[in-house]
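Everything numeric in this text was worked out from a predicted model, so none of it was measured.
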Amino acid sequence: MEAVVEILKELDWSPLWISLKTGMAATVISFFLGIFAAGKVMHTTPGKKAVLDGILTLPMVIPPTAAGFFLLLLFSRRRPLGILLYEQFDIKVVQTWLGCIIAATVIAFPLMYRNARAAFEQIDVNLIYAARTLGMSETKIFWKVVLPSAGPGVASGTILTFARALGEYGATSMLAGNIPGKTGTISQKIAMVIQDGDYLTAGIWVAIVILIAFIVIFLMNLISGKHMKQVKRW
């Protein structure tokens with residue numbers, strides 16, 4: 001126990017802050033992109049919907065290292081997009097915190113998209129028809145009727161997206177690397193200390209991750225439980 005206390009006193013907490021910042025940034029981006037994509041896919045033809053759904057869900061089923069490889073090819077300073085971003089806008093993605101955000105967003109985005117789409121599909125269309133008869137615009141209907149009705153599903157998707165972005169390792173390590181205090185996340189820290197044979201420190205970081213995961217699951221169940229109670233009352 002004394003060894004654990006001693007490690008906690010000397011522990012570098014930067015991986016936790018980097019992971020939290022990356023997770024929050026990726027969640028905000030995925031939230032708006034996921035809702036936008038889900039809304040657009042809902043209104044396409046079945047053929048286009050199948051193709052778009054496959055493309056948007058792809059990062060969830062391929063290995064994160066494969067996604068990281070494609071991102072590295074895309075944003076490398078030896079590639080057209082990477083050269084354009086660096087020379088025209090002085091933006092560097094590889095080996096930067098921006099790379100962490102992009103990698104985490106790509107990997108976590110499908111969770112937001114799938115949950116948002118599932119929530120939108122369960123909305124009673126009669127509510128939308130009633131709003132149209134009242135003269136509401138499609139934009140106003142979306143923000144005033146559709147999104148509130150799909151709230152629990154969207155909220156669950158947001159929480160899961162944050163949890164996935166927080167624990168991302170494969171794509172992040174390939175695109176952003178593992179620079180202490182800059183791009184070194186919790187997942188990368190755990191892998192690094194295990195390689196060094198420091199299992200006690202690794203165990204402490206794992207316990208921190210498990211605690212965060214428990215809080216995330218608790219919040220998701222809390223939101224789902226409130227929604228189920230409301231449905232039961234009706």
Side-chain angles (χ1 to χ4, degrees), residues 20-62 64 66-68 70-71 73-75 81-82 84-85 89 91 93 97-132 134-168 171-172 175-176 216 219-220 223-224 227:
L20 289 174
K21 289 190 298 182
T22 301
M24 286 186 286
T27 301
V28 171
I29 297 171
S30 297
F31 176 83
F32 290 103
L33 290 180
I35 288 176
F36 175 79
K40 290 296 182 181
V41 170
M42 286 283 294
H43 294 90
T44 59
T45 60
K48 290 182 179 179
K49 183 182 293 185
V51 173
L52 291 173
D53 191 65
I55 294 173
L56 295 173
T57 310
L58 193 61
M60 188 167 62
V61 295
I62 64 174
F70 285 115
L71 290 173
L73 288 180
L74 185 64
F75 291 105
L81 180 59
L84 175 67
L85 290 174
F89 304 100
I91 297 175
V93 176
W97 183 57
L98 178 60
C100 288
I101 296 174
I102 292 175
T105 300
V106 169
I107 298 300
F109 165 81
L111 286 171
M112 187 68 236
Y113 161 72
R114 296 293 298 184
N115 278 272
R117 182 184 162 188
F120 291 160
E121 288 176 344
Q122 295 177 3
I123 295 174
D124 186 358
V125 293
N126 291 319
L127 295 175
I128 299 175
Y129 295 151
R132 286 173 179 167
L134 295 174
M136 296 176 65
S137 64
E138 292 298 320
T139 302
K140 196 170 183 180
I141 289 173
F142 179 80
W143 290 106
K144 296 290 187 180
V145 179
V146 174
L147 196 57
S149 299
V154 172
S156 297
T158 304
I159 294 172
L160 286 174
T161 299
F162 173 74
R164 184 66 187 87
L166 186 71
E168 164 52 26
T172 302
L175 184 63
V216 168
L219 290 174
M220 187 175 67
I223 293 172
S224 300
H227 177 61

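- Scanning both residues, L71 and A103, for their nearest heavy atoms gives CD1-CA, 3.9 Å.
- Here the straight-line distance linking atom CD1 of I101 with atom OG1 of T27 works out to 11.0 Å at 0.5 Å rounding.
- Across A108 and S30, no two heavy atoms sit closer than the pair C-OG, 4.4 Å.
- For the pair M112 and V154, the minimum side-chain heavy-atom distance is below 4.5 Å.
- Distance check: I102 CD1 to T172 OG1 gives 10.5 Å after rounding to the nearest 0.5 Å.
- For the residue pair A104 and T22, the shortest heavy atom distance occurs at CB-CG2, 3.8 Å.
- The side-chain heavy atoms of V28 and F162, taken from C-beta on, include no pair separated by under 4.5 Å.
- Rounded to the nearest 0.5 angstrom, I29 CD1 and F109 CZ are separated by 11.5 Å.
- Among all heavy-atom pairs drawn from L81 and L74, the shortest one is CB-O, 3.5 Å.
- Looking at residues two or more places apart in sequence or on another chain, you find a ring pair (Phe, Tyr, Trp, His ring centres under 6.0 Å) between F120 and F142.
- Taking the side chain as every heavy atom from C-beta outward, R132 and I128 approach each other to under 4.5 Å.
- The CD1 atom of I62 sits 11.5 Å away from atom OG1 of T57, with the distance rounded to the nearest 0.5 Å.
- Shown here is K21, whose NZ atom has more than 12 heavy atoms of other residues, nucleotides or ligands within 6.0 Å.
- Between G34 and A116 the shortest heavy-atom distance is O-CB, 4.3 Å.
- In this structure, the separation between CG on L160 and CZ on R164 is 11.0 Å, given to the nearest 0.5 Å.
- Residues in residues 23-39 take part in no salt bridge (Lys or Arg N to Asp or Glu O under 4.0 Å) pair, two or more places apart or across chains.
- In this structure, CG on L33 lies 11.0 Å from OG1 on T161, to the nearest 0.5 angstrom.
- Residues in residues 103-120 take part in these side chain to side chain donor-acceptor pair (under 3.5 Å) pairs, two or more places apart or across chains: D53-Y113, D53-R114, D53-R117, R117-E121.
- Closest approach of P110 to L56, counting heavy atoms only: CG-O, 3.5 Å.
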